[in-house]
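Heads up, the thing below is written out as structure tokens.
Keep in mind that the numbers below use all heavy atoms, side chains included, and drop hydrogens, waters and symmetry copies.
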Amino acid sequence: MDHHHTPPPSPAPASSHPGWRDQAIAKIEADYQRSADTHLIPLNLPCYAQAGIDLYLKDESTHPTGSLKHRLARSLFLYALCNGWVHEGTTIVEASSGSTAVSEAYFARLLGLPFVAVMPQSTSPEKVAQIEFLGGRCHFVGHAGEVYDAARALAQRTGGHYMDQFTYAERATDWRGNNNIAQSMFQQMRMERHPVPRWIVVGAGTGGTSATIGRFVRYMRYNSQVCVADPEGSVFHAYWRSGDASLTAPGSRIEGIGRPRVEPSFIRGVVDHMEVVSNRESVTAMALLGDVLGRKVGPSTGTNMVAMLRLADGMRQRGETGSLLSLLCDAGERYLPTYYHREWVSTHFGDCDATQQALQTLLHGRR
């Protein structure tokens, strides 16, 4: 089946009563009211500050489920409820081995719904444990490319609902505002030296975040540009350049971002620029950023940081001033046995010493 034309789920049975749906939506809204907004952290990088360039990270690790995907999961559940796709007792199925599955398991538990995450066998035991802790079940497939069809088949078999984050991420969020991540960023920047960012840098897994931010920037007529940081092995950069949605790629080794195929939620027209980041750069920047912040961040935040530093360095060389803003997608504790483990990194990505020197130069502005 062509994934760009996923048919909507079958209509609700007539017996579905609105009382349960109303309560479900109220529970999600109450959960949202209990959550504060996430912090915007200024990065202390004197060489850029002196040149009139300020860098910021919006800390999405502080959500109840520890990542940016908490926002997506909440939006997907509300979208499915309001569309009449999810009812009392509906089994929720998602194709995800990572943070989206953790966040969806949280909301499924909140609503008392069964949850199944379809994932490759290679998924880390830590992620599996988190999903199971939240009451979810994991269904394993041999290869990452099999997750979509397996999830769809499982939903049909159980009479459940396949959330399909890769199709619905870009449309489940209200991009015009209404407390979305973009509106929050601009509000938090109001008192800064350069309140309207020159660049907003994000990764893309589904493409939902770049779509929300890109649309909001245009709708509000802000003079900001959106850059997507794409990890090595991802198809998105090649698709962005060519427009050929049939392209495929090996897939990304940086958890949570990059994809082996073009996902329906990646809207190439809202992205102004892309930076391809190597695996070594991502893990090295992740560690260096930890030194700047005094805490560990996940690898996709490292990918974002590389793109942000390249853009900031280009601005400085051209004598431009302004601000750059990106996301701290999740905390590093989830990745201690992998991306933070020296042997694991050298086995999977090789020696990072030369990369470290190059990024140190970029970080501290020494040429």
Side-chain angles (χ1 to χ4, degrees), residues 1-32 65 69-120 123 127-128 130-132 134-141 144-174 205-208 211 259 261 263-265:
M1 184 187 294
D2 180 356
H3 64 272
H4 282 267
H5 301 285
T6 309
S10 53
S15 62
S16 174
H17 61 92
W20 182 86
R21 184 189 61 222
D22 291 351
Q23 284 176 355
I25 292 169
K27 279 179 186 170
I28 294 174
E29 290 295 289
D31 181 81
Y32 178 64
T65 52
K69 297 298 185 182
H70 194 81
R71 292 180 190 268
L72 172 61
R74 181 170 57 220
S75 296
L76 287 169
F77 268 84
L78 287 171
Y79 191 67
L81 285 162
C82 294
N83 281 335
W85 297 343
V86 168
H87 313 283
E88 189 171 4
T90 300
T91 298
I92 305 296
V93 182
E94 184 59 281
S96 167
S97 59
S99 298
T100 303
V102 173
S103 298
E104 286 190 20
Y106 171 92
F107 284 103
R109 184 176 73 170
L110 183 72
L111 304 186
L113 300 174
F115 176 75
V116 185
V118 178
M119 57 180 65
T123 303
K127 281 276 163 69
V128 173
Q130 270 188 301
I131 292 160
E132 289 176 346
L134 290 164
R137 193 161 65 75
C138 299
H139 176 92
F140 297 100
V141 295
E146 298 166 30
V147 293
Y148 312 95
D149 288 342
R152 197 175 284 114
L154 193 64
Q156 277 171 344
R157 221 170 38 243
T158 59
H161 172 64
Y162 171 31
M163 275 293 193
D164 195 359
Q165 58 164 331
F166 296 107
T167 296
Y168 296 111
E170 57 88 9
R171 62 195 84 164
T173 301
D174 183 355
T206 60
R259 298 298 300 166
R261 68 171 206 184
E263 302 295 355
S265 277

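The two residues Ala169 and Thr206 make their nearest non-hydrogen contact at CB-OG1, 3.3 Å. The two residues Thr90 and Pro114 make their nearest non-hydrogen contact at O-CD, 3.5 Å. For Ser96 against Gly98, the heavy-atom pair with the smallest separation is OG-N, 3.1 Å. Closest non-hydrogen pair, Ile131 versus Ala105, comes out as O-CB, 4.2 Å. The shortest non-hydrogen separation linking Ser103 to Thr65 is OG-OG1, 2.8 Å. In plain terms, the two heavy atoms of Gln165 and Ser265 that are nearest each other are O-OG, 3.9 Å.
The NE2 atom of His87 lies 10.5 Å from the CG atom of Leu113; values are rounded to the nearest 0.5 Å. Taking CD from Glu88 and CD from Gln23, the interatomic distance works out to 8.5 Å, rounded to the nearest 0.5 Å. Glu104 CD to Arg109 CZ: the interatomic distance, rounded to the nearest 0.5 Å, is 14.5 Å. A distance of 7.0 Å separates CZ of Arg71 from OH of Tyr32, quoted to the nearest 0.5 Å. How far OG1 of Thr173 is from CG of Leu76: 7.5 Å, rounded to the nearest 0.5 Å.
Put simply, the side chain of Ser97 never gets that close to the backbone of Met119: no donor and acceptor are under 3.5 Å apart. Between the side chain of Thr123 and the backbone N or O of Pro120 there is at least one donor-acceptor pair closer than 3.5 Å.
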I would like to know whether Arg137 and Phe115 meet side-chain contact (heavy atoms from CB on, under 4.5 Å); could you show each step before the answer? CA-CA 6 Å; Arg137 193 161 65 75; Phe115 176 75; over 6 Å; no
Taking it one step at a time, do Tyr148 and Val141 satisfy side-chain contact (heavy atoms from CB on, under 4.5 Å)? CA-CA 10 Å; Tyr148 312 95; Val141 295; over 6 Å; no
Show, in sequence, the C-alpha distance, side-chain angles and deciding distance for His139 and Val93, and conclude whether the side-chain contact (heavy atoms from CB on, under 4.5 Å) test is met. CA-CA 10 Å; His139 176 92; Val93 182; over 6 Å; no
side-chain contact (heavy atoms from CB on, under 4.5 Å) between Ile28 and Arg74, worked out: CA-CA 7 Å; Ile28 294 174; Arg74 181 170 57 220; 3.6 Å; yes
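Phe77 and Phe107 have tilted rings, their planes meeting at an angle from 30° to 60° on a 0 to 90° scale. Between Tyr168 and Tyr79, the ring-plane angle classifies as tilted under the 30° and 60° cut-offs.
For the pair Ser99 and His70, the minimum side-chain heavy-atom distance is 4.5 Å or more. Proximity of Met163 to Thr100: side-chain heavy atoms (C-beta onward) are nowhere separated by under 4.5 Å.
Electrostatic pairing of Lys27 and Glu29 does not count as a salt bridge here, judged by no charged N lying under 4.0 Å from a carboxylate O.
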